[in-house]
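First the structure, in the form of structure tokens, and then the observations on it.
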Amino acid sequence: MPSRFRLLCAAMVLLLAACASGPTHNPTVFPFEIEREALAAKPLKTVVIAHVNLGAPSRNYLDEVTPVIDGRVASYMEKNGYNVLPQRTFRQHWNTAVRAFGDPVDPTTGRVNMKTFSQLMQSVRDRMQEETDLDAFVFTDLIELETPFNGGLKHLARWDGVSRRPSLQGPGSGVSGDFDWNLPASVVSLQVTVFDMELKRLFVSRGGIDATDAIDTRSSSGRYVRRRNILENSSYIQEGIRLAFHPLIEMQDWPGNP
């Protein structure tokens with residue numbers, strides 16, 4: 001009996017440890033949309049990652065990290081069995097189509113003319129269909145949102161499946177006692193949208209990455225400033241990618257599981 005009791009206690013300790021180290025439920029996960037029947041009937045094998053946004057262009061300060069994100073997305077998809085064509089193939093056909101139909105983005109407003117965008121995509125689709133075995137287009141938009149760091153004593157911001165603590169920027173090491181933790185900060189998510197060769201949407205989801213704002217320690221009243229290094233945390237980027245692709249590529253520890 002004593003040995004059985006010890007074994008039972010050991011098993012309970014291991015179970016509790018596993019539960020403690022596992023992912024916690026995060027209700028902010030994005031409500032993904034997926035066409036399961038279409039994907040089951042024709043599974044995707046070969047894809048290309050578009051170098052342009054599906055919606056409005058990302059902010060200028062996100063331009064430098066966009067190629068990094070796309071490279072990480074390509075690696076993640078390849079590790080999960082997809083054949084990812086070089087992005088330059090899409091870019092070449094896109095630039096050719098722009099010369100024929102015009103740029104869909106208004107440089108003064110940043111708005112996208114969706115009629116022109118559709119013409120461009122149809123042209124790119126036709127050319128790539130002739131030259132490759134492409135199954136789908138993958139758009140990877142960096143979306144900027146706003147949310148406060150007001151979650152509990154650790155001052156967490158929660159959005160699109162992630163929880164992040166604020167970073168500080170400036171000569172000081174603390175936060176003003178007058179700082180308003182309900183003040184919204186700018187944060188970034190990766191939005192993934194997949195279209196088949198008929199340009200029908202098969203999948204869309206989003207995963208949080210990190211904040212682009214930091215608390216200014218020089219401010220006596222408390223305020224946010226733009227971070228000098230944007231999206232530099234490799235593990236945060238990877239988490240955002242995994243969240244954004246679930247359940248097209250299943251995330252085993254998806255935090256939306258209650």
Check: side chain to side chain donor-acceptor pair (under 3.5 Å) with N182: which residues, sequence neighbours excluded?
Finding: N150

Note to self: For residues L190 and V204: do they belong to one hydrophobic cluster (side chain heavy atoms under 4.5 Å, members Ile, Leu, Val, Met, Phe, Trp, Tyr)?
What the structure shows: no

Note to self: For the residue pair R242 and Y76, would you count it as a cation-pi contact if the rule is NZ or CZ under 6.0 angstrom from the ring centre and within 45 degrees of the ring axis?
What the structure shows: no

Margin query: Looking only at side-chain N and O atoms, does D141 offer a donor or acceptor that is under 3.5 Å from a partner on S58?
Written below: no

Note to self: Side chains of T140 and N53, heavy atoms from C-beta outward: is any pair under 4.5 Å?
What the structure shows: no

Checklist line | Contacts of type salt bridge (charged side-chain N to carboxylate O under 4.0 Å, His left out), residue E131, not counting sequence neighbours | finding: none

Check: Hey, are Q169 and D216 close enough side-chain-wise for a donor-acceptor pair under 3.5 Å?
Finding: no

Margin query: Would you say R59 and T212 are linked by a side-chain donor-acceptor pair, where the criterion is simply a distance under 3.5 Å?
Written below: no

Result block: side-chain N/O donor-acceptor pairs under 3.5 angstrom for residues 36-46, not counting sequence neighbours:
| from | atom 1 | to | atom 2 | distance (Å) |
| --- | --- | --- | --- | --- |
| T46 | OG1 | N83 | ND2 | 3.4 |

Notebook entry, point to check: Can you list the steps and then say if D160 with R206 is a salt bridge (charged side-chain N to carboxylate O under 4.0 Å, His left out)?
Noted result: CA-CA 6 Å; D160 289 342; R206 211 161 69 193; 2.8 Å; yes

Check: Would you say the side chains of R226 and Y61 form a donor-acceptor pair under 3.5 Å?
Finding: yes

Checklist line | Between Y224 and F179, ring centroids under 6.0 Å | finding: yes

Checklist line | Connected hydrophobic set around F139, excluding itself, where side chains approach under 4.5 Å | finding: V48, V52, L54, L85, F90, W94, V98, F101, V105, V112, M114, F117, L120, M121, V124, M128, L134, F137, F195, M197, L199

Next item on the list: Rounded to the nearest 0.5 Å, what's the gap from CZ on R127 to CD on Q122? Could you check?
Entry: 11.5 Å

Checklist line | Spacing of R91 atom CZ and I49 atom CD1 [to the nearest 0.5 Å] | finding: 12.0 Å

Note to self: According to salt bridge (charged side-chain N to carboxylate O under 4.0 Å, His left out), who are the partners of E232, at least two apart in sequence or on a separate chain?
What the structure shows: R227

Item checked: Stepwise salt bridge (charged side-chain N to carboxylate O under 4.0 Å, His left out) test for R201 and E33 -> CA-CA 9 Å; R201 194 175 73 181; E33 297 178 20; 2.5 Å; yes

Check: Rounded to the nearest 0.5 Å, what separation is found between the CD1 atom of I209 and the OH atom of Y236?
Finding: 12.0 Å

Next item on the list: Apply salt bridge (charged side-chain N to carboxylate O under 4.0 Å, His left out) to R165 and list each qualifying residue two or more places apart in sequence or on a separate chain.
Entry: none

Next item on the list: Examine L243 and F30 and state if one hydrophobic cluster contains both, with Ile, Leu, Val, Met, Phe, Trp and Tyr joined whenever side-chain heavy atoms are less than 4.5 Å apart.
Entry: no

